[in-house]
Participant: 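Got a structure here, written out as structure tokens. Questions coming.
Below, chain A is the first sequence line, B the second, and so on; all start at residue 1. Predicted model, so just to flag it, every value in this text is computed and none were measured.
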Amino acid sequence: AGSDEPAPVTETDVTKVVLLINGNLGDRSFFDSAEVGFNQLVEDYAGKVEVKIIEMGFDNSKWEPGLIDASEAGYDVIVVGTWQMQELLEDIAPQYPDNNYIIFDTVANPEITNVYSMVYKQNECAFLAGAVAASVAGNEPIGFLGGMDILVINDFLVGYIEGAQSVNPDVQVKISYIGDFNDSAKGKEMALAQYQSGVAIGFNVAGQAGLGQIDAAAEVNKLAIGVDSDQEALFRDMGEDAKADLIATSALKEVGNSLYRAIEMHMDGTLVYGEAEALGLAEGAVGYVKSQWIIDNGYADMVDELVVKIAAGDIVVSSANGLTTEELTTLRDAVK
Amino acid sequence: MSSIIDIIGTSEFWYSVIRVTTPILFAALGALISDSAGVINIALEGSMLWSAFAGVVFSAWFDSAWIGLLAAIIIGGLVGLMLAYFALNLKTDIILSAIALNLMAAGGTIFLLFVVSGDRGISSSLDSRVLPKLFTGLADNVPIIGPVIFGHNVLTYVAFVLVFVTWFFMFKTPMGLRLRAVGENFHAADSVGISVKKIQYQALVLSGIMAGLGGAFMSMGYVSWFSQNMTAGRGFIALAAKAMGGVSPIGTMIASLFFGFASALANYEAEISVPAEFVKMIPYIFTIVGLVVYASKKQSDVKRARQKQAEAATSSKGGE
Amino acid sequence: MIKKLDRLRRFEMIRTLAAVGLALGIAFLLILFTSEQPIDALRAFILGPISKFRYFGNVLELMIPLLFTGLAVSVMFSANQFNLISEGAFFVGALGSSWIATNFLLPAGIHPVVGILVAGLIGAVVAMIPAILKLKWNADVLVSSLMLNYILMFLGFYFLNYHLRDPQAGDMASFKFPDSARLMKILPGTRVHIGLIVAILAVILIYLFMFKTRWGYEIRMVGKNESFAKYSGMNVFRVIIVSQMVGGFLAGLGGGIEMLGMYTRFKYKTLPGFGWDGVIVAILAKNNPALVPVGAFFLAYLRIGADIMSRSTDVSSQLVGIIQGVVIILVAAEHFMSKRKNRIIYEESMADLSAVKEAK
Amino acid sequence: MGKEVLAMKGITKVYPNGIVANKDISFSIDEGEIHALVGENGAGKSTLMKILFGLEKAQEGKIYLREQEVTFANPQHAIERGVGMVHQHFMLVPSLTVAENMVLGVEPKKGLKFDTKTAEEQTANLSKQYSFEVDPAAKVSDITVGTKQKVEILKALFRGAKILILDEPTAVLTPQETKELFKQLKFLKEKGHTIIFISHKLNEVKELCDRLTIMRRGTTIGTYQVSDVSEEDISRLMVGRDVILKVDKKPVAPGKNILNVKDVTYVNEFGKNALKNVSFNLREGEILGIAGVEGNGQREIVDLVTGLQKIQHGDVEIKGESIKGKSIRDIRDLGTSHVPEDRMLYGVAETESVKANVMSYKYSDSTYTNKVMQKSKEIDALADRLVVDYLIKCNNADQPVKMLSGGNIQKVVVAREFFVEPDFIICDQPTRGIDVGAIEFIRKELVALREKGTAVLLNSADLNEVLELSDRLIVMHEGEIAAFFEDASKITEEELGLYMLGLKKQSAEEIGRAVQ
Ligand SMILES: Nc1ncnc2c1ncn2[C@@H]1O[C@H](COP(=O)(O)OP(=O)(O)OP(=O)(O)O)[C@@H](O)[C@H]1O
Ligand SMILES: Nc1ncnc2c1ncn2[C@@H]1O[C@H](COP(=O)(O)OP(=O)(O)OP(=O)(O)O)[C@@H](O)[C@H]1O
Ligand SMILES: [Mg+2]
Ligand SMILES: [Mg+2]
């Protein structure tokens, strides 16, 4: 009986972790990165950690049962991600005070003592992307191809614009949202539209749909910047070196690293539940790919310098947090 | 506003119109064929998705874009065949069968992708091939229209050639005659010994193959990989294009180009100063308007003819 | 005659069971190929939903939107209009109720009522559009409704972004609904809310509407034979519009109820798919409102069983899409085991005949 | 007469809805004869022939062709063995040409292409050979009913049919066309073809056929030499009792004007000027017949008077009120009933129950519905009453109409339109394609209505019927009234035929008498 739920944990020396994905794996960035981190963890701590990953799909109404199930199954740590899970977790975590929860990419109510939160300063890595883009473009406009008009994406956008402005205060940014994270053909078309209206280099923040930008770049022989994971490596994997060569760098959001670190701390007993951390360049939770291109074209020093300044707090990058639609529109119009 | 006019004035824009149109045109021709035989195929979306998937997998396995294309065609046709089996043999409602097939395609492609490659969501570890572009050399040699019509993927040319092949097939061959007869009055076809079921099977398989070509274009031409749900509703758009285009392949082509134009325009969202949500609506609004204009034109043609006759009739009476 | 009906009815049950059985067999094969724990997986799939009260609650929760869109599609299809607008109507209904929930301060009892009524009205209005395009300009309903769904989605996002969006939210979402706007939960230990009762009421009312009122009669006649309806003096134009509005109202209502019953804010980032599900339910129910609960239960059970399976075993959630498809197709297959059925009809009819003869 | 060419033995067919259409039937025909198959509506004639043609599968029974057992799993098999069938309903594709319809399934080819030229030549040759005149290049949607019937027969001949099944080929033909057809059928017989001929018109059977087989309720009653039995005998055998088609009616006592058609001109949806300055009137208690070859404006008169089409020019008044701008419901509320020509298209919703079909006239009347709910008790009572009163053969009023035979479906329509005792009724082909028993019944009911003061506008292709029932009569030709007769009993079918075909026309003055 009870085969429809994992057996309760009996041994105490194995840390049982579950990752609930409110969506599906295969995004090649966010959730996949989490998976990679966990896989690394299991490899490094063989026999000490067990990890189960559950995909809950995209239907919001299925997430609550998933979280309750996991909460009742006796895991040592229950990991969820994104703002979309936050309110659910705030609802459910207090009902299971003996459980430990980790939520990433958003901050849960700090009054809940069994939840550890971490957010990523994606605006910081986007700042680097913006700086590179503006340097490359000179007086030409740069592009931003977002998946959807949502906070995380706009946080990238804000950082990107600021980074670009730090190089060229008059920079012009062409901004499009695909409206979808899957339709890479559409992503390609929109990226092409940007390139054709003069954009010298584009930054895609749109999951798989954003990969269309790389294809577009190859078509017009212009440059692109990837996101989340190393997209240059991805294209080399696919055997598409020509395309890979056009990816100047990628802005990294190291979800996997941060989760690895958090679970490690949990096992050491150093993770403080009830706390929230904002992880940025300083913590190595976001970053950039120091690609051959960056080195060859002599941007490495400039970017590294920016990294140091941001990590040290000498440069404070703005965030999209709390901006209204109107404020965002104003911001976007200002760089049109 | 002037920027829109600038955009439309570029050859890149028109090149893009043709590219956006290609997958939709394939599927719309598929819809045309199945509709003509009296069987509606709303599993085009599923056919496209499976074919996009098959093209990538087989081209990677066999290291040949052409084998990938062949696989895509076969798989597209197979989905049509399954729809035919469910709807014509098992007598499951054809719309329900198609919805189920679309559901199966959405989950099944991702599932199988994982099984065959370990990839989830996108075929990153498959070293797949793309189909070649044709006449790239000519693009710069012919002024104005050269850059628009040359240098497209081979399947784009196939799509436009298929328009005429389909026309020939439907209106000039015995098989086309039977197809139209079955669609218009299947009892009549049945009574002269034509197997209605066989014709409808053939039509659904053909329409699946057409959609399959569209799918192959998506993953082996448009972009060079498969990603989950990458057809993103193009199979449904094709139904609309077919409805807009009436019963002729040429009409279907014009309607597909019309939609392609609207989508290409909407891709220049960054250049158009209205909220992006409205820009994204453009292709769909165009489609509905096109549909209404086409359908009402047909209606008013009849009305006008009647009006004329009536006037003639009453005036001649006055003269008597 | 009675005997014949009994035998046929029994056969229909056996047939459905056999179809489900065969579909599960196919599902099992697929699971067997890819899973290390196929028995557990199958058990989770089939028995999961009744293994815990909370899981059964999940089935009921999922049934609520399916009941509404299933009814909506049944009514619209009954008038022979292949209007797929329930997808868009559900979406804008959900948005409408969110608007009422977040932008108006109303007393607790009234707030959700206003919210879902507004949702229904918006649904009714949008559902009318494809019908008008058809009646006025002869534009294909299926196609125009498909396109309109996309347009409604983008309109909805515009409205959300500029009027309802919570800038503090980490995602494209509305402000949080006040408690006064939310629907009451009715089954402790589950999320089943009062919407279920509304849905059951809707099933009864729509059944009565379709089969016991003259408007339902008109809709059915128009659907079965428009020329006949016109000839009989029915205002076909009005009947079609009314039927589509009733359908749209139901779908919109469903969207509003789903939103205020299951969500704390409006969060859809794409069309939620309940309109398509409604088509599945309606076709399974043969457009009969009385059978819609059966279809909705079936589909909800299938989905929840699949969820539990993919959560608790190693069967991937995508495989579930295939399994669902197979089950739906086989259950709705009219010709599945039709040889046997025709044989029964033949035998019984002949038996009737000889009985009559002997009586003489 | 030759030896037995075809025999069907022990045929039993049960439809998926449980209807036993054929029960252990044996039936045979001889080489070179014209063999009639007659029987009431729903007797199973068409079903038996569809089995012979491979369109339906029988559960039991065997077919022997020239004493060899054959199985016809589909029409292709039957066609290959020289069996051809002309169906009760047209099996043509309207948007294709005559030639394309002709060769469908056996198309001539030139390379990959369909060879239109050869197809047209083949059609022309065949039509010459059998002297059936058709235009190979004409679209089927543009040709007359009579020509369509010819195309159907040619289609069968084209496929090499030696045995030709004709399922009610004359139901839609004029007397002249029928005569022409018979000449050609006799010619075919001389050429060695064997013909099975189904008809409800017993005089035709007498005139054309050698032998006949009578069917009743799914079985055969017997086979007879046509010369041995009279029309009365056949009717009696078919129905099981004596049938009297002559109706007694009292002399006319017309009352006030009910219908005024004033100078109506109309262009139909094909752009044809279908009515030209048509004027006539109709009074209480009289029957005005309309005769004419199909397609000469009768349909348009019916459509305009019933409100199915909008009046373009001129006016129509019912009980003194113009119906311009009135809906069909308004016109019905003036006390109008309508028995439509095409009962399956307009007359019924075939998948719905008898009950749902008989209530469609009065469903919104306060007798049958209150503000919200329908009054099911009253509706049930009405349906049950009509089933009894109008002798509708069905298990009960909840049975779907499509399970009834043609004649009984017509009775459903008639019951609904007659029970309200209308002031004005339009009867359009009220007895087309139904059996003698049903015809007798409907004609009697119609005359009874007239006696109660109903004004009846009767359109019928059955000249016998028009002459028999009408008090006054107009003849339509090319959208105009070609003749008006004050007393319909004083003319012959032949004379009528001359006006119908446009060979004769009355003076304007004579025609003017149609308005009184
Ligand atoms: N009982 C019936 N009532 C009304 N129409 C029917 C009935 N049976 C069949 N038809 C019509 O005839 C068509 C052909 O039906 P049929 O079941 O013979 O199809 P088929 O293609 O020959 O399939 P199969 O080979 O499985 O019998 C149907 O699509 C339907 O419209
Ligand atoms: N496809 C069908 N499905 C079910 N029942 C049918 C079908 N076709 C005919 N029937 C029924 O079978 C019986 C015999 O019908 P059939 O058409 O053979 O009669 P018929 O003698 O040709 O009558 P008619 O003179 O009206 O043409 C009728 O009761 C009819 O309702
Ligand atoms: Mg018949
Ligand atoms: Mg069959």
Participant: Between Arg311(C) and Glu55(A), does any NZ, NE, NH1 or NH2 come within less than 4.0 Å of an OD or OE carboxylate oxygen?
Facilitator: no
Participant: To the nearest 0.5 Å, what is the distance between CE (Met172(C)) and CD1 (Ile153(A))?
Facilitator: 11.5 Å
Participant: Quick check: are there more than 12 heavy atoms from other residues, nucleotides or ligands sitting under 6.0 Å from CG of Asp333(A)?
Facilitator: yes
Participant: Look up atom CG in Asp314(C) and atom CD1 in Ile54(A), then write down how far apart they are to the nearest 0.5 Å.
Facilitator: 11.5 Å
Participant: Name the region of Glu87(A), side chain, backbone, both or neither, that has any atom closer than 4.5 Å to a heavy atom of chain C.
Facilitator: side chain
Participant: Quick check on Glu326(A) against chain C: is it the side chain, the backbone, both or neither that has a heavy atom closer than 4.5 Å?
Facilitator: side chain
Participant: Which region of Thr329(A), side chain (C-beta onward) or backbone (N, CA, C, O), has a non-hydrogen atom less than 4.5 Å from a non-hydrogen atom of chain C, or is it both or neither?
Facilitator: side chain
Participant: Can you tell me if Gln95(A) has over 12 outside heavy atoms packed within less than 6.0 Å of its CD?
Facilitator: yes
Participant: Heavy-atom cut-off 4.5 Å, strictly under: side chain, backbone, both or neither for Ile150(A) against chain C?
Facilitator: both
Participant: Can you say whether Asn161(C) sits under 4.5 Å from chain A via the side chain, the backbone, both, or neither, judging by heavy atoms?
Facilitator: both
Participant: Under 4.5 Å from any heavy atom of chain A, what part of Tyr263(C) do you find: side chain, backbone, both or neither?
Facilitator: side chain
Participant: Would you check, one step at a time, whether the test side-chain contact (heavy atoms from CB on, under 4.5 Å) holds for Asp149(A) with Phe157(C)?
Facilitator: CA-CA 10 Å; Asp149(A) 186 0; Phe157(C) 288 155; over 6 Å; no
Participant: Between the side chains of Lys52(C) and Glu72(A), is the shortest nitrogen-to-carboxylate-oxygen separation below 4.0 Å, so that they form an ion pair?
Facilitator: yes
Participant: In terms of heavy-atom pairs under 4.5 Å, which option from Leu20(A), Asp105(A), Val152(A), Ile68(A) contacts chain C the most?
Facilitator: Ile68(A)
Participant: What distance separates Lys269(C) NZ from Met148(A) CE, expressed to the nearest 0.5 Å?
Facilitator: 6.5 Å
Participant: Please classify the contact between Thr106(A) and chain C as side chain, backbone, both or neither, with a heavy-atom cut-off of under 4.5 Å.
Facilitator: neither
Participant: Check whether Lys176(C) gets within reach of chain A through its side chain, its backbone, both or neither, counting any heavy atom under 4.5 Å.
Facilitator: side chain
Participant: Quick one: do Asp307(C) and Met56(A) satisfy side-chain contact (heavy atoms from CB on, under 4.5 Å)? Show the steps, please.
Facilitator: CA-CA 8 Å; Asp307(C) 279 351; Met56(A) 299 189 295; over 6 Å; no
Participant: More than 12 foreign heavy atoms under 6.0 Å from CH2 of Trp63(A): is that the case here?
Facilitator: yes
Participant: If you measure from CG on Leu88(A) to OG1 on Thr264(C), what distance do you get to the nearest 0.5 Å?
Facilitator: 7.5 Å
Participant: Before you tell me yes or no, could you show the steps for Glu61(C) and Lys62(A) under salt bridge (charged side-chain N to carboxylate O under 4.0 Å, His left out), namely the whole-Å CA-CA distance, both residues' side-chain angles and the distance that decides it to 0.1 Å?
Facilitator: CA-CA 10 Å; Glu61(C) 291 154 12; Lys62(A) 307 258 174 84; over 6 Å; no
